[in-house]
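Since the model is a prediction, treat every value here as computed from it, not as a measurement. Whatever order the structure lists ligands and atoms in, that order sets their numbers, starting from 1.
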Amino acid sequence: MSNVKLLKFPVHGDDRGSLIPLDKTNLPLKMKRVFYMYNAQPDVRRGMHAHKSCNQLLICVTGSCRVLLDDGQKKETVLLDSPDKGLYVPYYLWREMFDFSDGAVLMAVADTMYDENDYIRDYQDFLNYYQDMRVKDDE
Ligand code: T46
């Protein structure tokens, strides 16, 4: 799907364990905010929205979960099951996170501050809002 990136971060490991640094050399966005989701039940679906401007990098730092991405025409599901995998999700994609493993922690790095007005939480509104973008893509 266009502009979605599945990144693999270099791991610094030794006999003490592993470490992954995230900074401006490997982040695909300018970080303004970090949040993380945990205690999600296996049958729960989170997300279910798109954004108007907020790009994000999603990393399942513990456990695993799946992320469904939808551009209004195509859908794609990505498994995040390792802390060295980062999924870059541009603002205009509908996203749903599900299939959380026991103890999963999903971290998001975002390039905007939190603003509820940036969310499109209704699927039909999402299709309408980005309709012009899809028409241009088809041309
Ligand atoms: C996204 C996916 C991947 C805040 O007060 N500040 C924040 O920075 C965030 C992210 C949320 N909240 C509040 C708003 C809600 O009352 O926390 C509550 C749960 O947020 P929400 O229902 O939006 O959570 P998710 O898991 O459905 O979505 C989140 C992000 O909100 C969203 O930007 O793309 O993770």
Side-chain angles (χ1 to χ4, degrees):
M1 196 168 286
S2 69
N3 297 325
V4 171
K5 292 176 209 152
L6 189 57
L7 305 172
K8 193 114 166 77
F9 300 116
V11 180
H12 300 258
D14 56 32
D15 54 9
R16 298 168 300 161
S18 307
L19 182 153
I20 298 176
L22 298 175
D23 60 26
K24 66 179 182 185
T25 64
N26 58 1
L27 279 174
L29 47 73
K30 230 175 177 176
M31 180 176 80
K32 279 232 178 114
R33 177 168 55 111
V34 174
F35 56 91
Y36 34 95
M37 288 149 255
Y38 59 101
N39 282 346
Q41 298 305 304
D43 55 349
V44 91
R45 263 183 127 80
R46 298 195 65 119
M48 323 258 306
H49 60 256
H51 280 280
K52 296 178 186 167
S53 68
C54 179
N55 300 299
Q56 293 176 356
L57 176 71
L58 300 180
I59 302 169
C60 204
V61 290
T62 300
S64 64
C65 73
R66 291 179 202 276
V67 183
L68 176 134
L69 300 175
D70 178 347
D71 66 3
Q73 287 176 322
K74 294 186 291 307
K75 292 179 203 248
E76 185 179 316
T77 299
V78 180
L79 173 67
L80 293 180
D81 59 354
S82 169
D84 65 353
K85 273 190 196 173
L87 179 65
Y88 175 73
V89 182
Y91 63 94
Y92 51 82
L93 295 181
W94 185 267
R95 76 283 319 264
E96 299 181 11
M97 297 87 79
F98 61 102
D99 231 356
F100 287 90
S101 68
D102 196 26
V105 180
L106 179 61
M107 182 176 82
V109 180
D111 64 359
T112 66
M113 296 297 284
Y114 174 70
D115 176 5
E116 184 56 38
N117 294 320
D118 195 62
Y119 287 70
I120 307 171
R121 292 192 183 271
D122 178 87
Y123 190 75
Q124 191 56 50
D125 289 349
F126 154 70
L127 291 178
N128 297 342
Y129 194 85
Y130 288 117
Q131 193 172 20
D132 289 352
M133 191 187 267
R134 286 192 289 275
V135 170
K136 277 184 208 122
D137 269 1
D138 287 345
E139 285 166 358

As an exercise, identify every atom of ligand 1 less than 4.0 angstrom from a heavy atom of [X].
X     : value
Met97 : 2 (C), 3 (C), 26 (O), 35 (O)
Met37 : 26 (O), 35 (O)
His51 : 1 (C), 32 (C), 33 (O), 34 (O)
Phe35 : 10 (C), 29 (C), 30 (C), 35 (O)

Charged N-O contact under 4.0 Å between [X] and [Y]:
X      : Y     : answer
Asp81  : Lys85 : yes
Glu96  : Lys75 : no
Asp111 : Lys30 : no

Got a protein heavy atom sitting under 4.0 Å from atom 16 (O) of ligand 1? no
Among Tyr114, Tyr36, Trp94, which one has a heavy atom closest to atom 14 (C) of ligand 1? Tyr114
Are the ring centres of Tyr129 and Phe126 closer than 6.0 Å? no
Axial cation check for Phe98 ring with Arg45, 6.0 Å and 45° limits: yes
Looking only at protein heavy atoms, which one is nearest to atom 8 (O) of ligand 1, and how far off is it? Arg33 NH1, 2.5 Å
